[in-house]
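Reading through the structure tokens given below for one structure.
One-based numbering, in listed order, for ligands and for the atoms of each. Below, all heavy atoms of this structure are taken into account, side chains as well, without hydrogens, waters or symmetry copies. Nothing fancy with the numbering, it's 1 onward along the sequence.
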Amino acid sequence: MKLGALQSLLAFLGRLALVQAKATVGQAIATLENSNSSLLQYPTQFTQNIVPKQIHSHNDYWRDVPFLTALSYGVASVEADVYLINGTLFVGHETQALTKDRTFDALYIQPILQVLRLTNHKSAFTGNGNSANGVFDTNSGFPLQLLVDVKGDGPTTLPAILQALQPLRAEGYLTTFADGMLSQSAVTVVGTGNTPLEGVKALEPRDFFYDAPLTQLNDPSLNTTFDATISPLASTDWATAVGWSGIGTISEGQLANLTQFVGDAHALGIKARFWDTPEWPIFARNAIWKVLAENGADWLNADDLEAASSF
Ligand SMILES: *[C@@H]1O[C@H](CO)[C@@H](O)[C@H](O)[C@H]1NC(C)=O
Ligand SMILES: *[C@@H]1O[C@H](CO)[C@@H](O)[C@H](O)[C@H]1NC(C)=O
Ligand SMILES: *[C@@H]1O[C@H](CO)[C@@H](O)[C@H](O)[C@H]1NC(C)=O
Ligand SMILES: *[C@@H]1O[C@H](CO)[C@@H](O)[C@H](O)[C@H]1NC(C)=O
């Protein structure tokens, strides 16, 4: 049978029935799958079947393929450490790990843009003014969170980050706060590390947000009324904020802290994340993930994405 000549599913099934009186549905599926029929292809299938999950890919650029490996597990938040050197943002954990090729644009902005162009395929069927799809075809309203960990000086790095985001901004893919309205789009970009709070607050429109200190959301010395228009995310170090090892039973005081910090964030419409949760022993890591999920922490901070995505 010449499979490339396949015109339609019905014609194919009719022929299969003629040729093979005992053809099974399994054979029909296998034959069609091998046929490269246009009937079995659709434009937004790049992330077919991937269910998005509230997992944060810690130091994402360490993975075999930055961003795409996380995407393949449905991980909806990725973190890139950036250094501004001679006008370019480079990605790496420390300066010894930087290379000329591993730029923020090459590892994150361009791959994210390419995936979004696939999930936002334009054709005679799409009108103007559609809101942008996210990277996940199974849940197109689920935004990707891009966490930018600023190394080096915050105020000098901020303009370079805003400029680096321009390709995503130009196509309407950035969550933006403008004229008193927060409009969610395909990618929400949040600055952490040395990101300058005052610099982020001054942005108008604002499409780069601030990872707020989870234990200080109501601290008057920060001179800030935190909410989701400044900080969709607030984070803190697990060891100092809660400190449970995951072995034995969490203490009342530790649990009280956990629920208080999560509650403070949620009262302001902010998502809560604890970083540096222990990765080992595995049973302790899992016990902490369970306590986090049961008490409303919004993101699981993970190094092992395969384990977190099947948790
Ligand atoms: C499969 O079909 C698409 C168009 O529908 C075509 O671009 C592609 O080259 C084909 N692939 C093979 C292996 O024939
Ligand atoms: C940055 O610029 C200085 C001065 O031109 C040069 O010596 C240095 O090698 C550059 N660094 C990188 C990483 O390109
Ligand atoms: C808050 O405002 C006070 C008074 O203007 C100032 O001294 C302080 O540095 C500010 N704090 C921060 C974190 O900006
Ligand atoms: C609870 O949080 C406070 C403030 O961050 C901290 O000082 C205290 O040690 C924490 N308590 C426990 C039991 O972790």
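- Looking at ligand 1, you'll find an N or O of Asn36 within less than 3.5 Å of one of its N or O atoms.
- Counting side-chain heavy-atom gaps under 4.5 Å among Ile, Leu, Val, Met, Phe, Trp and Tyr, the cluster of Ile247 also holds Phe283.
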Extract all N/O-N/O pairs under 3.5 Å that connect ligand 4 to the protein, and present each with both atom names and the distance rounded to 0.1 Å.
{"from": "ligand 4", "atom 1": "2 (O)", "to": "Asn257", "atom 2": "ND2", "distance (Å)": "2.2"}
{"from": "ligand 4", "atom 1": "11 (N)", "to": "Asn257", "atom 2": "ND2", "distance (Å)": "3.0"}
{"from": "ligand 4", "atom 1": "14 (O)", "to": "Val242", "atom 2": "O", "distance (Å)": "3.2"}

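- Counted by atom type alone, Thr103 and Asp105 present zero donor-acceptor pairs between their side chains at under 3.5 Å.
- Between Ser235 and the options Asn301, Asp211, Asp276, a side chain to side chain donor-acceptor pair (under 3.5 Å) holds for only Asp211.
- Cluster partners of Leu98 are Tyr83, Ile85, Phe90, counting Ile, Leu, Val, Met, Phe, Trp and Tyr whose side-chain heavy atoms approach within less than 4.5 Å, directly or via other members.
- Classification of Arg273 and Asp298 as a salt-bridged pair fails, no side-chain N sitting under 4.0 Å from a carboxylate O.
- Every residue two or more places apart in sequence or in another chain that forms a side chain to side chain donor-acceptor pair (under 3.5 Å) with Tyr108 is listed here: Asp60.
- Less than 4.0 angstrom separates some heavy atom of Lys100 from each of these atoms of ligand 2: 14 (O).
- For Trp275 and His58, the gap between ring centers reaches or exceeds 6.0 Å.
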